[in-house]
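Everything below concerns the one structure shown next.
Atoms considered below: every heavy atom in the structure, side chains included; atoms not considered: hydrogens, waters and symmetry mates. Order of listing sets the numbers, starting from 1, for every ligand and every atom in it.
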Amino acid sequence: MKPADSIQDLQYFGEFGGINPSISDSSTYTFLSAKTMFETFEGNADGCYLYSRHSSPSNLYLGEALAAMEGTETSNVSASGMGAITSVIMQLCSAGDHVVSSRTIYGGTYAFLKNFAPKLNIQTSFVDITSLKAIETAITEDSKILYCEAVSNPLLEVANIAALSKIAKKYKLQLVVDNTFSPLSISPKQLGADIVIHSLTKFINGASDAIGGVVCGSQEFIDNLRNVNDGAAMLFGATMDSLRAASILKNLRTLHIRIKQHSANALYLAQKFESLGLKTVYPGLASHPSHQVFKAQMNAEFGFGGMLTIDVGSLKNANTLMELMQNENLGYLAVSLGFYKTLFSAPGTSTSSEIPEEEQKIIGLSEGLIRFSVGLDNDIERTYRAMFECMQSVGVV
Ligand code: PLP
């Protein structure tokens, strides 16, 4: 499968022959007949639009491009990555159901499963996603979902999606994979995932100017999500705005170029950091415990992605180093990822702070960990030299 080619081969024209599709600037749509309106409500009038919380032409254009990228039948875009994640979990689970989830996942997803879902009597077992035995042990007769991130936030653990898919099929679970950290590099659906989620806020949009999400899956599942009677996307209402859908679609078209550059820059820095003796985690390094798993399932031309971590021993070192690198204009002390400029943060006190300290220790999230979203720097050697000087002055190399 060639995910970037699938995006490129799509054609959408504007209503006057514009080379970009027209932006749908309407929340509601007229019908020539009352009968068609009723049928659209029932979900039986293909090609008709009803109300933009349900769907809109601009959202469908973006959704079709993302479905093409992931190789799924279709998709539904949402107002945020969390809007995508929560609607999938709520659609698949009823009270009394159970989720088996990777224990290293984005803090917001963790907080939802750990603190919010139990209010609805949906329980989650958090497991080491690299241990197939631990996963099988955690599955109960109430389990409905096997949930993971293809490359996890922030520890960069790699899910063996083909192996997880076998387990999911054996126990009739839906394998839900958040692919936010590895768009294009990994194609979870091709490896056996049932549902693929992205926070579009990150690499896919790539401009750090918008929040968005997507659920890619079968036509049947996406129809269920949008159902006016019991669809979680329709009823929770985390709908993307059409203007945003149009702008994200335009940015999606350069994703393949950006990912190659993010990956090349991240690999360069990871190799350099590791050779300095820093504890460096990057799936492209032979020292990464799942390097071979990533290699076996990747679309090689896009590399190992733009995310890496180093451990500088203490939170104090991490904070001093990040402030210094920011002062030297090497990147920004900011959460999120996928920007043209490098972004760095200490996950234990930011994006993963929802995970209790004791739990952080168990999963190996140390306080000196710095997560880098490596930027598109034209001259990464120059960036490295300046980073090295910062590291020397903090005394971590
Ligand atoms: N999934 C991952 C892996 C993330 O890192 C994030 C946000 O940091 C999300 C989902 C949530 O996405 P959003 O912030 O767009 O709601």
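Closest protein heavy atom to atom 16 (O) of ligand 1: Met82 N, 2.8 Å. Atom 13 (P) of ligand 1 has its closest protein heavy atom at Gly81 N, 3.4 Å. From the protein, the heavy atom lying nearest to atom 6 (C) of ligand 1 is Lys202 NZ, 3.0 Å. Of the protein's non-hydrogen atoms, Asp178 OD2, 2.6 Å is the one closest to atom 1 (N) of ligand 1.
Residue contacts with ligand 1: Asn153 is placed with a nitrogen or oxygen under 3.5 Å of a nitrogen or oxygen of the ligand (distance criterion only). Taking any N or O of Thr109, backbone or side chain, none lies under 3.5 Å from an N or O belonging to ligand 1.
Taking the charged nitrogens against the carboxylate oxygens, Glu389 and Arg385 have no contact shorter than 4.0 Å, which rules out a salt bridge. Of the charged side-chain nitrogens involved, at least one lies within less than 4.0 Å of a carboxylate oxygen, so that Glu136 and Lys170 count as a salt-bridged pair. Note on Arg103 versus Glu359: no salt bridge recorded, every NZ/NE/NH1/NH2 to OD/OE distance being 4.0 Å or above.
For Gly212, the closest heavy-atom approach to ligand 1 falls below 4.0 Å. The shortest separation from a heavy atom of Thr351 to ligand 1 is not under 4.0 Å, leaving the residue out of contact. Under a 4.0 Å heavy-atom criterion, His198 is not in contact with ligand 1.
Residues Cys93 and Val99 meet the side-chain proximity criterion, which asks for heavy atoms closer than 4.5 Å.
Considering Phe302, Phe304, Phe181 in turn, Phe304 is the only one that fulfils the ring pair (Phe, Tyr, Trp, His ring centres under 6.0 Å) rule with Phe294.
Looking at Ile85 against ligand 1, only its side chain comes within 4.0 Å, counting heavy atoms.
Side-chain contact, Asn317 with Thr320: no donor N or O sits under 3.5 Å from an acceptor N or O. Side chain to side chain, Thr201 and Ser199 meet the donor-acceptor criterion of an N or O pair below 3.5 Å.
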